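Heads up: the structure comes next, in structure tokens.
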Amino acid sequence: MIHSLFLINPSGDIFLEKHWKSVVSRSVCDYFFEAQERASEAENVPPIIQTPHHYLLSVYRHAIFFVAVIQTEVPPLFAIEFLHRVVDTFQDYFGSCSEAVIKENVVVVYEVLEEMLDNGFPLATESNILKELIKPPTILRSVVNTITGSSNVGDQLPTGQLSVVPWRRTGVKYTNNEAYFDVIEEIDVIIDKSGCTVTAEIQGVIDACVKLSGMPDLTLSFMNPRLLDDVSFHPCVRFKRWESERILSFIPPDGNFRLLSYHVSAQNLVAIPVYVKHGISFREGSSSGRFEITLGPKQSMGKTVEGVTVTGQMPKGVLNMTLTPSQGTYVFDPVTKLLSWDVGKINPQKLPSLKGTMILQAGCSKPDENPTLNLHFKIQQLAISGLKVNRLDMYGEKYKPFKGIKYMTKAGKFQVRT
């Protein structure tokens with residue numbers, strides 16, 4: 001399965017490596033570095049790279065490349081899913097997953113990786129089981145370990161490993177029993193010059209934080225489950241019940257976990273929550289150009305669109321920009337030609353706009369194409385697909401838990417062509 005794992009930062013330094021079978025030389029990463037140089041952005045590096053003797057499978061998260069080295073053919077998504085699980089585990093253990101944090105907790109990182117794979121095959125990938133095997137680092141535990149010379153490795157085998165529900169430990173007890181579910185949707189859109197939608201799709205997840213005593217059995221039902229395409233479940237979900245009744249039935253893991261991820265690809269179901277009016281023009285033979293954009297809410301169901309930023313890569317011929325924002329602040333970098341406008345909230349009564357002129361290079365021909373604008377925003381308490389949770393029920397335990405459900409929509413790759 002997986003022979004080795006290399007962690008590489010954006011500047012191309014291998015700052016951590018782990019080998020499960022034989023030691024694979026770092027020189028195998030040269031093929032990855034070549035692919036990285038050819039890619040315009042870090043996200044565009046191919047996830048699978050074939051070399052004469054190995055396959056390199058990678059994911060890019062938190063400004064780190066996680067590169068797995070494989071010698072025999074395996075299902076690629078199997079290895080890629082494992083790499084994502086490694087990142088999620090680090091985030092759960094340390095609160096964040098950055099180069100500095102991994103270097104700071106390097107001993108725990110190696111201990112966790114040793115438990116997650118056995119001779120290259122996934123063994124313990126559930127966070128709460130790993131936390132029984134390898135205790136998460138705390139300041140007090142670090143001090144005690146330094147003084148006594150002990151480690152974070154647990155004394156006994158996790159109880160969940162021996163049960164039919166390996167993702168949940170036995171004997172869980174809480175004073176306050178609560179279950180929270182976050183429905184988070186990312187909208188990926190390309191809008192053409194005339195304002196028509198070229199592509200639109202939604203990637204959604206339901207993240208859960210469940211702190212319930214005992215062994216509760218939960219059911220979660222939706223108002224409109226038929227919206228969901230291409231659904232991927234946590235192993236705790238009973239798939240047959242979903243197939244027959246479109247109800248999620250599961251014994252939840254203890255703590256934070258991703259219950260499911262889904263996809264909505266039917267364009268008629270994807271509402272576009274923001275519109276952009278733009279007037280960007282370059283005159284032939286002139287040393288200036290006109291720039292004007294206005295943002296407004298559209299199909300946002302009366303919710304406030306907040307955290308709005310607009311970025312655009314200007315043509316090389318643009319030397320500088322003199323703009324006046326009606327709200328927020330803008331920055332134009334004359335070296336990289338990147339315009340960034342931090343808008344904040346969109347007020348429907350007073351729409352934010354950015355107007356002004358562009359100074360072009362003298363004698364330079366008119367740019368071939370106008371810039372593409374990228375939008376980032378979020379909308380609280382709204383799932384843009386229209387997905388709604390109907391009810392959450394609990395069986396198997398007598399207490400009444402506190403239940404909460406939150407919705408959020410945010411922009412993924414939201415592009416407007418001008």
Side-chain angles (χ1 to χ4, degrees), residues 185-200 202 270-284 286-361 364 366-384 407-418:
E185 295 189 339
E186 272 195 8
I187 179 166
D188 297 334
V189 177
I190 297 175
I191 296 170
D192 68 11
K193 195 172 181 177
S194 60
C196 298
T197 305
V198 179
T199 63
I202 293 166
V270 180
I272 312 296
V274 174
Y275 71 85
V276 181
K277 283 184 182 171
H278 48 80
I280 302 172
S281 59
F282 303 97
R283 289 188 290 277
E284 193 70 61
S286 172
S287 61
S288 67
R290 191 171 64 87
F291 185 95
E292 183 180 337
I293 56 173
T294 305
L295 306 178
K298 170 190 171 188
Q299 294 179 302
S300 60
M301 324 299 176
K303 306 288 183 186
T304 306
V305 183
E306 54 190 35
V308 183
T309 58
V310 182
T311 56
Q313 187 69 49
M314 294 296 130
K316 288 179 183 174
V318 177
L319 292 178
N320 210 337
M321 302 182 77
T322 308
L323 305 172
T324 307
S326 66
Q327 79 176 64
T329 55
Y330 83 95
V331 176
F332 176 71
D333 189 333
V335 180
T336 60
K337 312 296 183 192
L338 187 71
L339 171 69
S340 179
W341 178 27
D342 187 353
V343 182
K345 288 184 182 178
I346 294 180
N347 180 359
Q349 274 73 46
K350 191 185 175 189
L351 299 178
S353 63
L354 184 65
K355 301 177 185 178
T357 56
M358 298 176 280
I359 299 162
L360 307 177
Q361 205 168 328
C364 189
K366 179 184 169 186
D368 295 331
E369 55 187 31
N370 280 358
T372 299
L373 302 175
N374 294 296
L375 268 73
H376 298 277
F377 57 83
K378 59 183 179 183
I379 307 169
Q380 302 286 359
Q381 294 305 323
L382 173 69
I384 201 72
Y407 300 89
M408 188 170 82
T409 297
K410 54 185 181 179
K413 289 188 176 175
F414 197 105
Q415 292 189 344
V416 180
R417 294 170 179 167
T418 62

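All of these numbers come straight from a predicted model, not from anything done at the bench. Along the sequence shown, residues are numbered consecutively beginning with 1.
Annotation: the span from T372 atom OG1 to I190 atom CD1 amounts to 9.0 Å, rounded to 0.5 Å. Of the inter-residue distances, the one linking Y407 atom OH with K303 atom NZ reads 10.5 Å to the nearest 0.5 angstrom. The CE atom of M358 lies 12.5 Å from the NZ atom of K337; values are rounded to the nearest 0.5 Å. Separating the OG1 atom in T311 from the CG atom in L338 is a distance of 6.0 Å, to the nearest 0.5 Å. We find the CD1-CD distance between I280 and E369 to be 12.0 Å, quoted to the nearest 0.5 Å.
By the 4.5 Å heavy-atom criterion applied to side chains, F377 and V343 are not counted as neighbours.
Checking side-chain atoms of Q327 against main-chain N and O of K345 turns up a donor-acceptor pair under 3.5 Å. At least one donor-acceptor pair under 3.5 Å links the side chain of Q313 to the backbone N or O of T336. Side chain of Y330 to main chain of L354: no donor-acceptor pair is present (N/O by atom type, distance under 3.5 Å, no hydrogens or angles). A distance-only check finds no donor-acceptor pair linking the side chain of K378 to the backbone of M408 [under 3.5 Å]. Although no hydrogens or angles enter the test, the distance criterion places a donor-acceptor pair under 3.5 Å between the side chain of Q299 and the main chain of I272. Not one N or O on the side chain of E292 forms a donor-acceptor pair closer than 3.5 Å with the backbone of G279. Checking side-chain atoms of D188 against main-chain N and O of K413 turns up a donor-acceptor pair under 3.5 Å. Looking at S326, its side chain does come within 3.5 Å of a backbone N or O of S353 through a donor-acceptor pair. In this structure, the side chain of T294 does not engage the main chain of K277 through any donor-acceptor pair within 3.5 Å. Side-chain atoms of T418 come within 3.5 Å of backbone N or O of P371 as a donor-acceptor pair.
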Run the side-chain contact (heavy atoms from CB on, under 4.5 Å) check on L323 and F332 step by step: do they pass?
-> CA-CA 10 Å; L323 305 172; F332 176 71; over 6 Å; no
For side-chain contact (heavy atoms from CB on, under 4.5 Å), just list the numbers for W341 and L373, CA-CA rounded to whole Å, side-chain angles, deciding distance to a tenth of an Å, and then say yes or no.
-> CA-CA 11 Å; W341 178 27; L373 302 175; over 6 Å; no
Checking side-chain contact (heavy atoms from CB on, under 4.5 Å) for the pair V318/L360: CA distance, chi angles, key distance, verdict?
-> CA-CA 5 Å; V318 177; L360 307 177; 3.7 Å; yes
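Annotation: K410, atom NZ; neighbour count of heavy atoms from other residues, nucleotides and ligands within 6.0 Å does not exceed 12.
For the side-chain contact (heavy atoms from CB on, under 4.5 Å) test with V310, the passing option among L339, L295, N374 is L295; the others fail.
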